[in-house]
Amino acid sequence: MSLQSRVVEAFESRYGSRPAFVVRAPGRVNLIGEHTDYNDGFVFPMAIDRAAWIALRPRGDNRVVATSLDFDETRDFDLGRLEKGDDGWIEYLKGTAWALRDAGHALRGFEGIVAGDVPLGAGLSSSASIEMATARALAAVSGIPWSPAPMALLGQKAENKWVGVNCGIMDQLISAAGVADMALLIDCRSLETQPVPLPKGTVVVVLDTATRRGLVDSAYNERRAQCESAARLFGVKALRDVTSPQLAARASELDPTTLRRARHVVSEDERTLAAADAMRADDAERLGRLMDESHESLRCDFEVCNDGLNAMVEQARRAPGCFGARMTGAGFGGCAVALVAAQRSEAFVRQVEAEYRKATRLDPKVYVCRATNGAEILT
Ligand code: GLA
């Protein structure tokens, strides 16, 4: 049974009527442009066919009452008295409500059923999916017009200030603004988005290494600080404003680690723009090569790969039909992504699963995914 049918059925059996709204907001996979969003740079993600769903109806009061099918638990809170609690799933709903209210939106309560199939902690943005689904639900019951970029900024604020993870804008923005069958080139400074179709005859494959990131927050914050200190040296707002020749000209003024971090970000912005050109030219070979180069830069200069990610990318590159492969998301575990010839995708999946298992004794999950719309109301 689809997740949509499951939340609707659970709603009907709990509340005895059809839901007033069913909303979904997707997870994402990033094709290229990693660790560039918080440097005001470019990213190139697509929203995927894995999402958070909420079936709901408005309430006459200020309460949000939500039942999670995944955690088999009902929790509630008062929109007029939002207080941080433990780290449970309800905090994502509360944090999003807080961010919307803090921005001056008058909110109405709702009750409903929540479920998701974005794997947790895999680097596919399960938290952004639940934040943007909540924002969509609150907007629907409160009569707030839906505008993806401002809503994504509020989702990011919930993640930064309520959940306490210092992420950039990519995950919430692609979850809010994704377009079916397209990847989205996002300028993380202006928040402009440009949909670009995948090269003809190719599919995007997500490769879950079955390794999970540990200590990712501290490593992520450390990378951010290193990027900011490099930008300061150049007297610019963010590394987005530095080109490769400018960086090379002043390389000796940076300590070796900061130089490598900056070199990744500056070259990754250039690769991301080149990837958009390659896609517009329908050039899968070139796009794949840029993805390969991105992985090498993340492995050697930004140092956010683990053994699982490196092993997965190596196996993917050897498998039938692969144009290119790289880690995706924050790194340190989670998923890789590959661009694969559609006609060879079944053989690709079979071989990578078998070879990765043999090489690591881990049990990976490899699947073709489809680009979907961002946060939307289904009924
Ligand atoms: C995480 C963050 C994003 C982005 C990526 C790295 O997914 O949430 O904002 O920084 O890492 O590209």
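In listed order, ligands and their atoms are each counted from 1. Computed from heavy atoms alone, side chains included, the values below leave out hydrogens, waters and symmetry copies. All values reported here derive from a predicted model rather than from experimental measurement.
- Residue-environment remark: CG (D307) stays at or below the threshold of 12 foreign heavy atoms within 6.0 Å.
- Partners of Q343 under the side-chain hydrogen bond (donor to acceptor under 3.5 Å, both in side chains) rule, at least two apart in sequence or in another chain, do not exist in this structure.
- Interatomic distance, OG of S68 versus CD1 of I130, reported as 7.5 Å (0.5 Å rounding).
- A perpendicular orientation is assigned to the rings of Y38 and H35, their planes being inclined by more than 60° (bins at 30° and 60°).
- E285 pairs by the salt bridge (charged side-chain N to carboxylate O under 4.0 Å, His left out) definition with nothing, not counting sequence neighbours.
- Partners of F44 by ring-ring contact (aromatic ring centres under 6.0 Å, His included), not counting sequence neighbours: none found.
- The contact shell of ligand 1, taken as protein residues with any non-hydrogen atom closer than 4.0 angstrom, comprises R28, E34, H35, D37, Y38, C167, G168, M170, D171, Y220, G329, A330.
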